[in-house]
Structures are given as C-alpha cells and as structure tokens.
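Structure first, then comments.
Quick note on labels: first sequence line is chain A, next is B, and so on, each numbered from 1.
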Amino acid sequence: MEPESKELPELPNVGTWPKVVMRLAPFPSGPLHIGNARMVVLNDYYVKRYDGELILVFDDTIGSDEKQVETEAFDMIPEGLEYLGAKWHRTVYKSDRLDIFYKYAVDLLKKGEAYVCGCDAGLWRKEHKIKGKPCSCSLLSADENLSRWEMMLDGTYPERGAAVRLKTGMDNPDPAMRDHVILRISETEHPRVGTRYRVWPLLEYSWGIDDHELGISHIIRGKDLVKEGKIEQHIWSIYGWQHPELLYYGRLKFQDATLSKSKSRREVLDGTYSGWDDPRTWSMQSLAKRGIDSKAVRKVMLDLGLSTVDISISMKALYSENRKLRDANASRFFFVESPTWLELSGVPSETTYAEAPVHPDFPDRGVRNIPLGMVDDTILVGIQKKDYDRFKNDTLFRLKDFANFKLLKGKSPVGQFHSHDVNDVRTAGGPIIQWVPKRGSVGTEITMVDGDITTGFAEPSASELKPGTFLQFERWGFGCVVESGTPMKVAFAHK
RNA sequence: GCCCCGGUAGUGUAGUCCGGCCCAGCAUCUAGGGUUUUCGACCCUAUGACCCGGGUUCAAAUCCCGGCCGGGGCACCA
C-alpha cells in the first residue's frame, strides 16, 4: 500500500483474530462532515493496511428528540464515504437487528444479569445512581423480569414506564458504570421500520451484542465512548466472548469552523443554507463541491494519529495539503472583484489581444487568449477596486501578461499606454495586477466559505469552463466551477 | 460530589512502553530571502517546545512521587 502519511502504530493483538474486521458506525442524522472524517479515515486506513473487512453499520436506533434519524442520511453518508475513498464491504442497519437484541435481552434477564426497572428515571438517578444503592427492581426473580419484559413489548408499560438495566454493579466506584439502561421504550416512528418495534436498545448494549455478532476485531472511536466500551466489555465477559480491541482518539475541533449537524439541518431546511453541500455544513459533499481533494482530508486526519488528547486544528493545514495536490492541475484565470473600469488609450493598433499562460510552471499547456475589444486606440478594462485605491496618480502599473500603463486618477479614471516590456515596470517597481476586458468577460459569482457571494468578472476564456473544473484566479485564490453560464458560479476553495 | 483520561514550539505530530544515538525530528503557521509577468507553487533561512517541583540514575521528554492545568463520563442520546 502506498503510504499516504506517516506510519501509524500497529493495531494491538492482530494475530489473535482470524481477520481484522472494523466498522463505521455513523448515526444517520445528516451527511458526514469533516469532523466525522477522522473516524472514517482511521478505520478505513487500518482495514486496508491489514487487508481486513470494513462494515458500514448505520446506527439507526430510535434516537431521541434531539437526535433523530434522517432518511436522506442513508444516501448522503455512502456518498461521503465514496468521496473519501473509503472501501466498505457490506452495509448493515441496526434497525434490522432488533430481534437479535431481544433474544439476548431475554437471555440476560434469565441469567439474572439484567432486570426490568420500573423506577422513575430522575428519581432513580438521585436515589440509586448517585448513592450507589440498588433499587428493589434489581431483586426481582427471572420470572418476574420476564413477565415485565413482556409488558414492555406488549404496551402495558408506557414510554419511560420501564427499562432494562444491566447489572454492572451498584457498588462500582464510578457512578457512570452503575446499572446502566440497555433497552427502553420508544413509540417514535422509525423511518425504516415504522412502528414495528416499541422497545429499542441503547448504543452500548446494541454494540455489546453486535461487535461480537459481526465479528468485529478492532474498534476505533472517539473517547466520548469509553464508558460505553466498558459496558460492552461487561457484556462480552458475561458470554465469554473475545474482547474486541478498543482504541480511542480525542476530540477534534477546528479553529476556523463550527460544526453542528443540528444547526446545519435547521439552516438547510429553512433555506439559509443552499443545501447539504453548502460550505458552512462542512459536509463531504461541500468539500467535493469546493474542489478539496479527499486525499488532502485523509492526509490531515491520518497525521493526527490516534492520540487521546483534545486537539484544535486549523483548516489551513487542509488547504496547504490541497494546494500541494491540486496546484499543478489548476489552470489560471484572471478574476476581478468589484471592478473599477479604466479607459486605456494609446494601445498600438496591431495589439488586439493578450496571451497568458494556462499554467506558469507548464508552458506546454499553452496560452489563454484575452481579446482586448479595442475601439480606435482605446480599450476598457476592469481592475480590482482594491488595487485601484492603493495606486497613486501617475503610478506605472502592468496588466499582467499584457502591457504597462500610466494611471491618471479622476472622476472617470484613464490610463495611458506606456510600454510592452515587463522590465519597464520591474525597474520602476510598479505593481503587476490581473485585469479583465470589459467586452467578453464573464460575470462570476463566487460562494465563499462563510456563504457570502463575491461578484466580479472572469476573463473571456472562462466562458468555456465546465462544472467541476478546479482553477486558480491569479492573485485571488483557488476554486471549483459549479455552474457555467452567465453568471458563472464558482465555489471558493482557499487562498 | 464520584470516576476516567491526558499535558512536547502558535497549531498538529514523532520520540515516552524497552532511560543514553534527542542541547528533541517532521509538517503547518508566522517573518525574511531566492525564483516566478500571481499575494499560488517551488527553493533557502529565521523564530519557536519536553506543564511545575522533587526523587532514582553516570545519564530522564522518557522511570517514581507530589502538585498544577486541561478534557471527558456520571442520560430511558449517539
């Protein structure tokens, strides 16, 4: 395998497993965003490294009011995985596996490893969880538990009326580990299985069973799940199953982006965001749209390694990687933001167009032809207001790849042709700037990372650009064509 | 309150398990220079770190103890 970053450490105890089997377990509430990429990339990396198997498991249990399953996520997540270049071998839905969880629930009740608790959740927390004192439900016989279990299934108990608790031990010094709920009642309709089930497993329980049932050997996930891991281990021990190896990584924050799936969802629904590929969602779809090479994402994620420290990184790292990968293939164009139009006179009549290289490092790729649209000896060109404002009257400046002009500021600014030779402006220390001719240039809208639209004009040759083309607007930044036409739409990638 | 985990330059990371090859490597950021008809890319240079205090040792980023700081968990969410 081609190393795509530094070498990560070996997975522990690989030899004790017939095969490395790992899993991706996203909760389908929206598309994968850049924060989820770490989980995907790490698991995918190790599975490829050990030639193992990767299972996509939609963790679509019923969730809660705050965390709801979104049907569209079942398509958007695989899309994101494909973008990332992750290879998964099969797809499993938790919601198809309720019968398995029920079977083990009955068994645990019979074994006396769990009980059906009818206590009020808030009261139980205060009186039992915190104090470490068992409630009376934990004394129930297997038969009593089984009949209570039936009452959970048949609807005798209302929602929150009863729940199955695993006997992890009320005397555990860690309150987080005391008799955690593993199954509970929810009558919320599920997008895939409707109202077929009213008893749903919690994450730690469903995984305690499924990591074994699916033959998972190694689990890499965020350290917010360590308690869940301990509960899983408790279950594995009850059945004497080989414990999958648990590895955790710390929380990842981005200094220059706020990632919130629920906020994104809200903004997408009410139209504040253009859709799930809006740059502000930081979804895989949005990165693809901006022309961020997924190899850059993978590199950045892999470079973080598996440390459990909380880290805060800058998108600049991602942009730096992306430039390295894509600069060589980004054709150059002129784009002028908020143009100031200059009337330039004295241009020699034989000069009707300018030629600029498609890519300065690769002369063999040819040149872009920029027609001047000359009338008499006068042409009308736009330069950036930003440039114009910093120029003094009389400045000698160069329109890049074209000619040098002397500026005369005024109500309607004009310029006088000075010379063709680039050395003239160099010796004068004058600026070299990008420009567009008024005639033939392409109105362009660039969607910035914060969702704002920057408008301006791209040079005429940009009219032939196809969607998906990654380019650089010289002295401005990289982006990806989203839509050709007038105006042309471009998604900004980075400087 | 109880329980876990962690602290290497601005940001990440390597090294820590098995002390010496680490007066700490790499990437990125920042600054400067070279090159370039871009403020991109490329090349060069500079700044910059082992949380603190003890201990063990000929020798500690690495081992031990104490402290400080940071994060997480204690949900009928995932």
*So, R192(A) versus S95(A): side-chain donor-acceptor pair below 3.5 Å or not?*
yes
*Determine the contact category for Y248(A): base if any of its heavy atoms lies under 4.0 Å from a base atom, sugar-phosphate if only primed atoms, P, OP1 or OP2 are that close, otherwise nothing.*
nothing
*So which nucleotide does rC76(B) pair with, by the Watson-Crick or G-U wobble rule with both distances under 3.5 Å?*
none
*Which class fits the ring pair H420(A) and F417(A): parallel under 30°, tilted 30 to 60°, perpendicular over 60°?*
perpendicular
*Picking from rU37(B), rC77(B), rA78(B), which would you name as closest to the side chain of I432(A)?*
rU37(B)
*For atom C1', what is the distance between rG10(B) and rC21(B), given to the nearest Å?*
30 Å
*Options rG12(B), rG40(B), rU37(B), nucleotide nearest the side-chain atoms of I313(A)*: rG12(B)
*Using the P atoms only, state how far rC26(B) lies from rU47(B), rounded to an integer number of Å.*
13 Å
*Would you mind reading off the distance between R298(A) atom CZ and rG12(B) atom C1', rounded to a whole angstrom?*
19 Å
*rC69(B) pairs with which nucleotide, Watson-Crick or G-U wobble, both distances below 3.5 Å?*
rG6(B)
*Give a yes or no on whether a salt bridge exists between R390(A) and D387(A), defined as a side-chain N under 4.0 angstrom from a carboxylate O.*
yes
*Using atom CG of D179(A) as one end and atom P of rA75(B) as the other, report the distance to the nearest whole Å.*
12 Å
_Gap in Å between the two P atoms, one belonging to rG6(B) and one to rC63(B), rounded_ = 12 Å
*Hey, does D327(A) reach any base, or is it just sugar-phosphate, or nothing, if we go heavy atoms under 4.0 Å?*
base
*If we take the P atom in both rU30(B) and rC69(B), what is their distance in whole Å?*
33 Å
*If rG40(B) has a Watson-Crick or G-U wobble mate with both distances under 3.5 Å, name it; if not, just say none.*
none
*Gap between atoms CZ and P, on F254(A) and rG12(B) respectively (whole Å)*: 12 Å
*How long is the line joining CG of L202(A) and P of rC76(B), in whole Å?*
8 Å
_Which residue lies more 5' along RNA chain B, comparing A162(A) with I311(A) via nearest heavy atoms_ = I311(A)
*L203(A) CG to rA78(B) P: how many Å, rounded?*
6 Å
*Name the pairing partner of rC26(B), where a pair is Watson-Crick or G-U wobble with both distances under 3.5 Å, or state none.*
rG12(B)
*Length of the CD-C1' vector between Q434(A) and rG40(B), whole Å*: 12 Å
_Euclidean distance, I77(A) CD1 relative to W88(A) CH2, rounded to 0.5 Å_ = 10.5 Å
*Hey, what's the ring geometry for F478(A) with H494(A), parallel, tilted or perpendicular (30° and 60° as the breaks)?*
tilted
*Using a heavy-atom cut-off of under 4.0 Å over every strand shown, decide if Q255(A) touches base, sugar-phosphate, or nothing.*
sugar-phosphate
_With rounding to the closest Å, how many angstrom separate the C1' atoms on rC43(B) and rU35(B)?_
8 Å
_P-based separation of rG34(B) from rC22(B) [nearest Å]_ = 34 Å
*Please work out if T61(A) contacts a base, only the sugar-phosphate, or nothing of the nucleic acid, heavy-atom cut-off 4.0 Å.*
sugar-phosphate
*For the side chain of R125(A), counting heavy atoms from C-beta on, which of rU13(B), rC76(B), rG73(B) is nearest?*
rC76(B)
*asked:* Please tell me whether W476(A) and Q434(A) have a donor and an acceptor in their side chains that are separated by less than 3.5 angstrom.
replied: no
*Under-3.5 Å donor-acceptor pair between D361(A) side chain and rG40(B) base*: yes
*Would you call R332(A) and D327(A) a salt bridge, taking side-chain N to carboxylate O under 4.0 Å as the test?*
yes
*NA contact type, K129(A), heavy-atom cut-off 4.0 Å: base, sugar-phosphate, or nothing?*
sugar-phosphate
*asked:* For rC50(B), give the paired nucleotide (Watson-Crick: N1-N3 plus N6-O4 or O6-N4; G-U: N1-O2 and O6-N3; both under 3.5 Å), or none.
replied: none
_Donor/acceptor link under 3.5 angstrom from R426(A) side chain onto base of rU37(B)_ = no
*For rA31(B), which nucleotide in any strand shown is its Watson-Crick or wobble partner with both distances under 3.5 Å?*
rU45(B)
*Can you list the steps and then say if E321(A) with K295(A) is a salt bridge (Lys or Arg N to Asp or Glu O under 4.0 Å)?*
CA-CA 8 Å; E321(A) 293 303 334; K295(A) 289 192 199 73; over 6 Å; no
*What is the distance from CH2 of W435(A) to P of rU37(B), rounded to the nearest Å?*
17 Å
*Could you work out the separation of rA61(B) and rG15(B) based on their C1' atoms and round it to a whole Å?*
8 Å
_Using a 4.0 Å heavy-atom cut-off, does S307(A) contact any base of the nucleic acid, only the sugar-phosphate backbone, or nothing at all?_
sugar-phosphate
*asked:* So, does R184(A) get its side chain near the phosphate of rA78(B), meaning an N or O under 4.0 Å from OP1 or OP2?
replied: yes
_Ion pair check, R198(A) and E159(A), cut-off under 4.0 Å_ = no
Between the protein and nucleotides 24-35 of chain B, list every N/O to N/O distance that falls short of 3.5 Å.
from: rU28(B); atom 1: OP1; to: K324(A); atom 2: NZ; distance (Å): 2.8

*asked:* Looking at D424(A) and R398(A), is there a salt bridge between them, counting it only when a charged N and a carboxylate O are closer than 4.0 Å?
replied: no
*asked:* I'd like to know if R148(A) pairs up with E144(A) as an ion pair, taking the criterion as any Lys NZ or Arg NE/NH1/NH2 lying under 4.0 Å from an Asp or Glu carboxylate oxygen.
replied: no
*Side-chain donor/acceptor of R251(A) to base of rG72(B), under 3.5 Å*: no
_Counterpart base for rG20(B), defined by Watson-Crick or G-U wobble contacts under 3.5 Å_ = rC58(B)
*Separation of N322(A) atom CG from rG40(B) atom P, in whole Å?*
16 Å
*asked:* Pairing donors with acceptors under 3.5 angstrom, does anything connect the side chains of H243(A) and S237(A)?
replied: yes
*Taking the P atom of each, how far is rA59(B) from rG54(B), in whole Å?*
15 Å
Between N or O atoms, less than 3.5 Å apart, protein on one side and nucleotides 2-7 of chain B on the other: list the pairs.
from: rC2(B); atom 1: O2'; to: P173(A); atom 2: O; distance (Å): 2.7
from: rC3(B); atom 1: O2'; to: D174(A); atom 2: OD2; distance (Å): 3.1

*Base, sugar-phosphate, or nothing for Q472(A), non-hydrogen atoms under 4.0 angstrom?*
base
*Taking atom types as modelled, is there a side-chain donor on D421(A) or S419(A) under 3.5 Å from an acceptor on the other?*
no
